Amino acid sequence: MAKLKSLLALFTLFTILVACSARKTPSTTPRTSTIIAKKTFGNFSGHVCDAERYSQLGMEIKDFAFCDSSLSYQVRVKDLIDRMTLEEKVRQLGDTAYGVPRLGLPLYEWWSEALHGVADVGQEGSKATYFDDIVPGATSFPNVINTVASFNETLWKAIGEVVSNEARAMYNLGHAGLTFWSPNINVVRDPRWGRTLETPGEDPYVVGVYAYSYVRGLQDIEGTENITDLNTRPLKVGACCKHYAAYDLDMWLGANRRTFDARVHQQDMVETFQRPFEMCVKEGDVASVMCSFNEIDGIPACADRNLLTDTFRGEWNLHGYIVSDCDSVKVMFKNEQWLHDTPEEAVSQALNAGLDLDCGFYYKNYTGNAVLQGKVRESTIDNALTNLYTVLMRLGWFDGNKKLEALGKSDICSKENIELATDAARQGIVLLKNANNSLPLNPDKHKTIAVVGPHANATEIMIGNYAGNPCKYTSPINGLSNYAKVEFHRGCGDVACKNESMIYQTMEAAKNADATIVLVGLALEFEREEHDRTDLLLPGYQHQLIEQVSKLSKGPTIVVVMSGGVVDLSHAKHSNDTQAIIWAGYPGQEGGQAIADVIFGKHNPGGRLPLTWYPANYTDMLPMTSMQLRPDDALGFPGRTYKFYNGSTVFPFGHGLSYTKFAYNLKKASRKVDIKLNKFQHCRDLNYTAGMFKPSCPAVKVEDMHCDEHIEFEVEIQNKGKMDGTETVIVYSVPPENIEGVHIKQVVAFKSVFIRAKETATVKFVLNVCQSFFVVNYNAYKLLPSGGHTVMIGDKVLSFPVQIKIKDH
Ligand SMILES: *[C@@H]1O[C@H](CO)[C@@H](O)[C@H](O)[C@H]1NC(C)=O
Ligand SMILES: *[C@@H]1O[C@H](CO)[C@@H](O)[C@H](O)[C@H]1NC(C)=O
Ligand SMILES: *[C@@H]1O[C@H](CO)[C@@H](O)[C@H](O)[C@H]1NC(C)=O
Ligand SMILES: *[C@@H]1O[C@H](CO)[C@@H](O)[C@H](O)[C@H]1NC(C)=O
Ligand SMILES: *[C@@H]1O[C@H](CO)[C@@H](O)[C@H](O)[C@H]1NC(C)=O
Ligand SMILES: *[C@@H]1O[C@H](CO)[C@@H](O)[C@H](O)[C@H]1NC(C)=O
Ligand SMILES: *[C@@H]1O[C@H](CO)[C@@H](O)[C@H](O)[C@H]1NC(C)=O
Ligand SMILES: *[C@@H]1O[C@H](CO)[C@@H](O)[C@H](O)[C@H]1NC(C)=O
Ligand SMILES: *[C@@H]1O[C@H](CO)[C@@H](O)[C@H](O)[C@H]1NC(C)=O
Ligand SMILES: *[C@@H]1O[C@H](CO)[C@@H](O)[C@H](O)[C@H]1NC(C)=O
Ligand SMILES: *[C@@H]1O[C@H](CO)[C@@H](O)[C@H](O)[C@H]1NC(C)=O
């Protein structure tokens with residue numbers, strides 16, 4: 001407990017220093033801090049253009065064209081901005097936009113978070129969301145790294161829909177804003193990254209699909225998803241894809257995210273770092289994106305016009321606003337001392353680059369002077385405000401929305417919402433080992449179970465970070481007690497497990513129980529924002545706890561790991577004393593129920609690892625600060641993620657077992673694509689291994705193609721076992737052999753299907769040839785190579801060749 005308190009003190013310090021690192025430990029009792037939040041939020045929860053409101057303010061609504069709903073958003077937003085003085089405009093450029101009393105425009109807090117449930121993360125006094133007696137909690141879903149393990153897009157969107165219902169209900173109760181700076185979609189380049197738990201894993205395509213599914217769940221209002229005028233498309237809440245770009249290092253040895261200069265090869269930029277953001281904007285139509293603290297090749301991300309304006313708005317057609325990570329404009333001046341700028345210069349660099357909103361005070365404090373000094377045009381500020389107010393118009397902040405206004409207290413923590421949280425936790429659980437089919441346990445046979453380990457009674461640990469107050473908790477011992485008599489021993493004082501003297505009691509319990517469940521893993525003190533890991537091991541004596549308990553255990557020993565990042569479980573994997581291993585991530589408020597449902601077979605697990613589980617020695621081979629994903633023989637770097645790492649793993653990306661067996665059968669498959677180039681499409685060279693066959697036209701640039709070629713195939717999947725189950729089909733493409741410097745394989749599609757025992761399901765896939773078979777070459781072109789590609793399902797469960805023939809004109 002003392003450790004927890006000192007940790008909290010540390011967090012408080014971060015809160016003061018840098019807003020975005022704010023983090024609090026949830027509690028079910030209201031905190032005093034809510035008072036401050038209430039005061040600054042001003043309790044505004046209605047809509048701006050409310051005639052009664054204006055008359056209470058002594059004004060008439062008809063005097064303000066921006067409130068005239070018969071006019072277009074464009075005209076109304078312009079009217080609003082044109083009425084403001086420069087000074088008034090500048091006061092709207094921070095996360096707390098002060099409003100303009102003389103225009104009846106109230107204060108708006110831009111900062112809310114909803115990574116896996118409505119969270120009250122943020123700086124006291126400038127966050128919109130808070131919990132108190134009226135709204136004591138919100139549904140806490142599993143952390144994103146778990147949810148993504150379900151490989152179920154429907155689930156990802158469904159969670160977004162429930163979270164935005166609760167968010168909108170909290171707005172109606174004056175307890176939240178309408179703009180939520182979630183999700184975090186940075187690719188996990190290195191297993192040491194402290195924020196792995198917040199993310200959808202290491203594959204850029206999977207991360208991108210998660211991003212747009214969750215964003216659509218949060219933002220879309222039924223019936224308006226397909227409106228083509230993106231400047232007026234209504235929003236339920238505004239989401240935000242963050243942090244752009246190449247941001248995946250927090251605090252590792254001496255390297256700090258605020259000053260870290262990520263040296264990025266453009267090849268990796270296109271292939272890995274930018275791809276999820278591109279998908280989030282293009283497929284998700286996200287209302288906002290956030291730039292990161294770090295520099296990329298010497299330029300702070302939030303001051304890079306190429307990254308912000310040219311790419312987001314120009315190339316990808318962003319309709320929304322760009323916000324900074326909290327205080328990153330200040331960091332540019334203070335920490336990075338970029339170009340030895342003055343604060344006014346830093347502010348103008350960011351505004352001119354296309355950063356609309358500063359989470360912090362620099363814009364508000366220095367933009368006025370920057371205009372006076374001739375560094376920023378007032379029209380640049382107008383553009384930023386146009387992006388901001390257009391989003392607020394789309395959210396109904398000005399006009400209201402009858403249907404959404406009906407959401408209230410009973411829509412928060414409802415029975416259905418909690419059930420979805422439980423189901424999400426079940427879907428995200430990954431069965432890593434199940435020797436001799438030891439699982440599931442049988443409640444008639446396993447009547448007394450020893451439940452041991454530092455996470456056996458996990459509550460707060462299950463909800464991870466960027467969390468709010470959950471509705472309630474179901475801890476593992478609560479969940480398991482529904483099936484058997486539980487004998488509980490922690491085995492360690494805490495998660496750090498620095499004292500082995502408590503292990504003895506757990507051994508005694510294991511000797512007498514019908515089965516032993518050992519709950520181990522990490523916690524936020526080992527992996528979090530501002531804190532990367534330096535190794536991949538279980539903390540303290542946890543490893544010894546597993547070993548000693550499993551040696552003496554009368555029944556089977558099941559190890560359950562809670563962690564965001566990977567841990568080296570080689571020993572338990574190979575040990576004949578450990579029968580099963582389950583990865584449960586940080587499974588959210590109902591995690592204990594989900595774990596119990598899996599262990600006792602009420603739910604047959606179907607989750608798959610969204611990360612490569614490297615052996616512990618991986619971290620000795622390369623520093624976290626090297627950004628490249630490809631192996632580097634000269635430096636001895638082994639490559640990163642399943643796409644480029646070809647070394648041994650503890651468990652590979654995509655690994656996950658089931659209680660039943662599935663058999664595959666390829667039904668139909670198109671295997672040939674002929675592409676004839678016209679005179680404006682030119683053959684591109686590729687590096688082939690010397691002496692190996694190389695097609696006469698090795699490749700064509702994807703951007704030169706129409707990209708309307710597809711290949712289709714169907715697989716029949718039979719559940720051969722006795723239990724209903726979910727099979728997760730992950731489809732990869734493998735480029736032709738002997739092309740140098742390209743990925744080993746890449747995910748191009750996935751689908752999870754529920755199949756009853758003895759039944760068969762047919763799953764059809766349609767792959768766009770450009771999107772599924774491209775490679776990124778050294779010079780960062782996306783190319784479609786000719787030759788023999790392979791489509792592969794799972795870990796070579798099934799594969800077939802696809803011949804792409806490109807003929808020159
Ligand atoms: C918040 O708003 C409600 C309804 O408009 C009002 O009854 C209440 O007094 C307000 N509370 C505060 C603290 O301003
Ligand atoms: C995917 O998630 C949805 C929503 O929770 C659920 O209804 C569906 O059964 C899931 N699919 C599988 C195969 O589990
Ligand atoms: C929007 O488009 C999608 C995909 O074409 C379609 O499935 C959906 O029904 C459409 N929604 C509406 C409201 O038209
Ligand atoms: C911004 O100005 C306010 C009010 O003058 C001051 O309290 C605050 O410290 C300033 N913040 C920064 C980051 O300059
Ligand atoms: C489990 O943790 C909860 C919450 O911290 C606590 O109230 C409860 O007493 C613990 N249970 C046991 C058996 O220690
Ligand atoms: C380990 O725990 C035991 C029992 O709680 C305690 O007596 C002992 O002082 C602890 N040792 C250390 C090194 O903390
Ligand atoms: C586990 O048992 C098998 C035989 O059942 C044996 O081949 C293997 O070496 C044993 N593993 C270990 C780590 O002892
Ligand atoms: C599985 O069963 C075999 C044969 O009974 C045994 O040798 C082996 O140790 C068992 N493996 C585990 C991990 O329990
Ligand atoms: C790293 O560990 C793995 C598994 O323990 C082993 O197979 C591999 O040889 C080791 N690699 C090096 C470079 O030591
Ligand atoms: C081949 O690789 C080298 C770097 O190793 C690069 O300079 C060259 O541009 C590549 N050629 C092609 C055709 O991609
Ligand atoms: C992976 O490494 C093995 C052993 O070095 C090698 O035989 C194999 O070709 C490599 N695979 C790829 C795709 O690089």
Side-chain angles (χ1 to χ4, degrees), residues 187-189 202-208 246 264-276 278-279 612 622 626-647 649 652-654 673 675 682-705 707 709 711 730-749 767-793 795-796 799-806:
V187 169
V188 179
R189 170 186 55 92
E202 74 181 26
D203 179 76
Y205 172 77
V206 176
V207 173
V264 180
H265 197 302
Q266 286 305 314
Q267 186 180 27
D268 292 326
M269 197 69 176
V270 170
E271 186 166 37
T272 302
F273 299 117
Q274 284 187 328
R275 191 165 179 213
E278 181 176 357
M279 290 169 75
T612 300
L622 77 178
S626 80
M627 295 298 290
Q628 72 189 62
L629 283 104
R630 284 166 172 70
D632 186 328
D633 294 340
L635 295 169
F637 294 172
R640 290 184 154 103
T641 79
Y642 78 88
K643 287 174 78 171
F644 301 102
Y645 171 71
N646 185 24
T649 60
F653 175 91
V673 182
I675 293 167
H682 300 282
C683 292
R684 300 275 154 181
D685 201 9
L686 276 171
N687 278 333
Y688 269 76
T689 310
M692 291 299 174
F693 170 77
K694 175 167 161 179
S696 62
C697 182
V700 58
K701 261 199 296 186
V702 165
E703 65 175 274
D704 288 348
M705 297 183 52
C707 291
E709 296 88 357
I711 70 137
I730 304 181
V731 180
Y732 299 89
S733 73
V734 182
E737 272 179 61
N738 302 318
I739 304 179
E740 290 194 333
V742 295
H743 54 266
I744 300 167
K745 58 179 181 179
Q746 66 174 338
V747 175
V748 295
L767 304 180
N768 178 287
V769 167
C770 290
Q771 281 165 28
S772 302
F773 297 98
F774 73 92
V775 302
V776 179
N777 82 348
Y778 190 82
N779 303 342
Y781 275 131
K782 263 190 189 172
L783 299 177
L784 178 67
S786 338
H789 297 254
T790 306
V791 169
M792 192 167 92
I793 293 179
D795 198 5
K796 296 190 183 144
S799 64
F800 64 92
V802 171
Q803 193 69 32
I804 298 181
K805 211 179 252 176
I806 302 176

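Keep in mind it's a predicted model, so treat the numbers as computed, not measured.
Distance check: Met627 CE to His265 NE2 gives 13.0 Å after rounding to the nearest 0.5 Å. In this structure, CZ on Arg684 lies 5.0 Å from OH on Tyr781, to the nearest 0.5 angstrom. The CD atom of Gln266 lies 12.5 Å from the CG atom of Asn777; values are rounded to the nearest 0.5 Å. Distance check: Glu709 CD to Ser772 OG gives 12.0 Å after rounding to the nearest 0.5 Å. Here Ile730 contributes atom CD1 and Met792 contributes atom CE; the two are 10.5 Å apart, rounded to the nearest 0.5 Å. With values rounded to the nearest 0.5 angstrom, Glu271 atom CD is found 8.5 Å from Arg275 atom CZ.
In this structure, the side chains of Gln746 and Pro204 stay at 4.5 Å or more apart for every pair of heavy atoms. Thr272 has its side chain out of reach of Arg189: every pair of non-hydrogen atoms, C-beta onward, lies at least 4.5 Å apart. Within the 4.5 Å cutoff, side-chain heavy atoms of Ile739 are placed close to those of Pro785. The shortest side-chain heavy-atom distance between Val747 and Phe653 falls under the 4.5 Å cut-off. Side-chain contact between Ile711 and Val791 is present, with heavy atoms from C-beta onward closer than 4.5 Å. When side chains are defined from C-beta on, Thr649 does not count as touching Tyr642, because their heavy atoms never get closer than 4.5 Å. Under the 4.5 Å side-chain criterion, counting only non-hydrogen atoms from C-beta, Pro695 is not in contact with Ile806.
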*side-chain contact (heavy atoms from CB on, under 4.5 Å) between Arg640 and Ser626: does it pass, once the steps are laid out?*
CA-CA 10 Å; Arg640 290 184 154 103; Ser626 80; 2.9 Å; yes
*Chi angles and distances behind the side-chain contact (heavy atoms from CB on, under 4.5 Å) call for Lys701, Leu783*: CA-CA 5 Å; Lys701 261 199 296 186; Leu783 299 177; 3.7 Å; yes
*Does the pair Asp268 and Phe273 meet the rule for a side-chain contact (heavy atoms from CB on, under 4.5 Å), with working shown?*
CA-CA 6 Å; Asp268 292 326; Phe273 299 117; 3.8 Å; yes
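A cation-pi arrangement is absent between Lys694 and Tyr688 under the rule of less than 6.0 angstrom and at most 45 degrees off the ring axis.
With hydrogens and angles disregarded, a donor-acceptor distance shorter than 3.5 Å links the side chain of Asp203 to the backbone of Tyr205. Within the 3.5 Å criterion, the main-chain N or O of Cys707 finds a donor-acceptor partner in the side chain of Asn768. Proximity of a side-chain donor or acceptor of Ser786 to a complementary backbone N or O of Pro698 within less than 3.5 Å is detected.
In this structure, Ile675 and Met705 approach most closely via the heavy-atom pair CD1-CE, 3.8 Å. Heavy-atom minimum distance, Leu784 versus Val702: N-CG2, 4.0 Å.
Shown here is Glu740, whose CD atom has more than 12 heavy atoms of other residues, nucleotides or ligands within 6.0 Å. Within a 6.0 Å radius of CZ in Phe644, other residues, nucleotides and ligands contribute more than 12 heavy atoms.
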